[in-house]
Amino acid sequence: MSKRPSTALTTPVPVVLAGARGHGRWHVENIRRLQAEGLVRLVGICELTPLTEEEFGGELPAQSDDFGALLDSTGARVAVICTPIPTHTDLALTAARRGVHLLLEKPPAPSYAEFRRMADGVAEAGVACQIGFQSLGSHAVPAIRDLVAEGAIGNLVGIGGAGAWVRTEDYFRRAPWAGRRRLNGVDVIDGALTNPLAHAVATALALGGSTRAEDVTRIETELLRANDIESDDTSCVRVTTAQGRPVTVAATLCAERADEPYVLVHGSSGRITFWYKQDRVLLQRAGHGPQEFEYGRTDLLENLVAHLTTGAGLLVTPDETGAFMKVVEAIRQAPDPDPLPAGTWHRVPGENRRVVHGIDGLVAAAADTLSLYSELGAPWTRRSRQLPKAVSTR
């Protein structure tokens, strides 16, 4: 748990946003919401190309492409960083050295070494840092943990995760780093499991009680691609935890139909399904009818402000994402993703996207059985040539 800063802040807390385009637009709207509630005040935007008032939708705060100078000139006490993955560590440390607290978008870094450099630097500076896994702010997460602890589904057997999404070929051209494993010699690792469906991995690990780096003992990966990119768009990973329970997550950006991603908690006498974007939970157990619940969610920037002003505990500290970063590192160290053979995928007419044959069912089956694609008989994996790449983290 992050310690409360020695001097509590008062609201509204001045905030600078680094990266206001793309996903950053969500942060602009969220900051506006919290600003209307008197919790924060947007005092600056850091972008290489300044926003126009039309783009921003109103009168602009201070803008600069020099993050450190903007923090200094605005007196910001919190920085929200939503920039390309390889920039996260340096920008986080730029803020930390100035005593500015952080909301850092996921994934926090493209490698475990960069993650440690960031986390250690932030800890040394004594600033608070929240990692932007919004799903971990869901009130369903502690509720599911309580159900498991109470024995509602018997003994915990393992955790599955499934993400079947649809992305056009243009998605992989949205930025120079999109769909890349490396760019100009620098790690990016923008794969299905490490970026767009990273929440499935982080949430599965959290529900299994294996969030810290030392909770992971072995990682198996199967990384493939239908699109003409460097990184994986169809992949699965199985994490062996120190508790001995597997966490298997399967993902694709080449689904036939987009589906809500979910995490599946397997017990000896039942299961819990968590649709984490919807904060919706389905409990199925022996001797009972199915029960469905919906939960609220604590916004991570709002939680960071509460931490700084009232001493509330941070929900997603860097150390609590160490296990996720071990997965990122295993994917980074794995061989480059195999291109899927001709005939195993097709283009959807008029939609400019590629679909892997049968992948929707395979993603669901992997979460359901805690199996890798190769173990489910997918004909396009490298299993026939060699075993899945496994990385020991000990």
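Just so you know, these numbers come straight off a predicted model, no measurement behind them.
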Ionic contact status for [Y] with [X], cut-off 4.0 Å:
{"X": "E220", "Y": "R218", "result": "yes"}
{"X": "E260", "Y": "R280", "result": "no"}
{"X": "D232", "Y": "R225", "result": "no"}
{"X": "R167", "Y": "D233", "result": "no"}
{"X": "E214", "Y": "K326", "result": "no"}

Verify the neighbour count for atom [atom1] of [X]: are there more than 12 heavy atoms of other residues, nucleotides or ligands below 6.0 Å?
{"X": "E54", "atom1": "CD", "result": "no"}
{"X": "D228", "atom1": "CG", "result": "no"}
{"X": "N155", "atom1": "CG", "result": "no"}

Taking the six-membered ring of F172 (Phe, Tyr or Trp), confirm whether the NZ or CZ of R354 is under 6.0 Å from its centre and within 45° of its axis.
no
With a distance cut-off below 6.0 Å to the six-membered ring centre and an angular limit of 45° from the axis, does R174 pair with W177 as a cation-pi contact?
yes
Could you tell me if the side chain of [Y] sits less than 4.5 Å from the side chain of [X], heavy atoms only?
{"X": "P107", "Y": "F324", "value": "yes"}
{"X": "F115", "Y": "P318", "value": "yes"}
{"X": "M325", "Y": "P108", "value": "yes"}
{"X": "S210", "Y": "V239", "value": "no"}
{"X": "T11", "Y": "V40", "value": "no"}
{"X": "I359", "Y": "W380", "value": "yes"}
{"X": "F133", "Y": "L315", "value": "no"}
{"X": "D368", "Y": "R271", "value": "yes"}

Sidechain-backbone polar pair: [X] side chain, [Y] backbone, donor-acceptor under 3.5 Å:
{"X": "T252", "Y": "T234", "value": "no"}
{"X": "E47", "Y": "A20", "value": "yes"}
{"X": "H266", "Y": "G158", "value": "no"}

Calculate, to the nearest 0.5 Å, the distance between atoms [atom1] and [atom2] belonging to [X] and [Y] respectively.
{"X": "L39", "Y": "D299", "atom1": "CG", "atom2": "CG", "answer": "9.5 Å"}
{"X": "Q35", "Y": "R33", "atom1": "CD", "atom2": "CZ", "answer": "12.0 Å"}
{"X": "L104", "Y": "L300", "atom1": "CG", "atom2": "CG", "answer": "11.5 Å"}
{"X": "D215", "Y": "E320", "atom1": "CG", "atom2": "CD", "answer": "8.5 Å"}
{"X": "I45", "Y": "S64", "atom1": "CD1", "atom2": "OG", "answer": "12.0 Å"}
{"X": "L147", "Y": "R145", "atom1": "CG", "atom2": "CZ", "answer": "12.5 Å"}

Evaluate the ring planes of Y295 and F293, with Trp represented by its six-membered ring, and classify them as parallel (under 30°), tilted (30 to 60°) or perpendicular (over 60°).
tilted
Under 30°, 30 to 60°, or over 60°: which ring-plane class applies to F274 and Y276, parallel, tilted or perpendicular?
perpendicular
Salt bridge (Lys or Arg N to Asp or Glu O under 4.0 Å) for E375 and R238? Distances and angles first, verdict last.
CA-CA 12 Å; E375 295 165 344; R238 182 163 56 208; 2.7 Å; yes
Passing candidate, side-chain contact (heavy atoms from CB on, under 4.5 Å) with C236, options L372, L223, L362, L224
L372
Path from [X] to [Y] over hydrophobic side-chain contacts below 4.5 Å:
{"X": "I131", "Y": "L308", "value": "yes"}
{"X": "V186", "Y": "I331", "value": "no"}
{"X": "L264", "Y": "V249", "value": "no"}
{"X": "I31", "Y": "F56", "value": "yes"}
{"X": "I272", "Y": "L156", "value": "yes"}

[Y] versus [X], side-chain donor and acceptor atoms under 3.5 Å:
{"X": "H27", "Y": "E105", "answer": "yes"}
{"X": "T217", "Y": "T240", "answer": "no"}
{"X": "Q130", "Y": "N303", "answer": "yes"}
{"X": "Q134", "Y": "R297", "answer": "no"}

Test side chain to side chain donor-acceptor pair (under 3.5 Å) on T203 and S135 and set out the steps.
CA-CA 7 Å; T203 307; S135 60; 2.7 Å; yes
Which residue pairs satisfy the side chain to side chain donor-acceptor pair (under 3.5 Å) criterion with at least one member in residues 178-195, sequence neighbours excluded?
K106-N195, R180-E230, R181-D336, D187-R332, D190-N195
Specify the closest pair of heavy atoms between [X] and [Y], including all atoms of both residues, with the distance to one decimal.
{"X": "T248", "Y": "A366", "answer": "CG2-O, 4.1 Å"}
{"X": "L136", "Y": "A206", "answer": "CD2-CB, 3.8 Å"}
{"X": "A76", "Y": "V16", "answer": "CB-CG2, 3.6 Å"}
{"X": "P290", "Y": "Q284", "answer": "CB-CG, 4.3 Å"}

Kindly determine whether L34 and E302 satisfy side chain to side chain contact (heavy atoms under 4.5 Å, CB included), including the steps that lead there.
CA-CA 7 Å; L34 297 179; E302 190 169 355; 3.7 Å; yes
Show your reasoning for whether side chain to side chain donor-acceptor pair (under 3.5 Å) applies to S374 and T381.
CA-CA 6 Å; S374 58; T381 66; 4.6 Å; no
Go through V100 and V127 one step at a time and tell me if the side chain to side chain contact (heavy atoms under 4.5 Å, CB included) criterion holds.
CA-CA 7 Å; V100 176; V127 300; over 6 Å; no
Run the numbers on W275 and V263 for side chain to side chain contact (heavy atoms under 4.5 Å, CB included), then give the verdict.
CA-CA 7 Å; W275 291 272; V263 172; over 6 Å; no
Do V141 and L207 pass the side chain to side chain contact (heavy atoms under 4.5 Å, CB included) test, and can you show the C-alpha distance, the side-chain angles, and the key distance before you say yes or no?
CA-CA 7 Å; V141 172; L207 292 181; 4.0 Å; yes
Sorted by chain and residue number, the ring-ring contact (aromatic ring centres under 6.0 Å, His included) partners of H88 (sequence neighbours excluded) come out as none
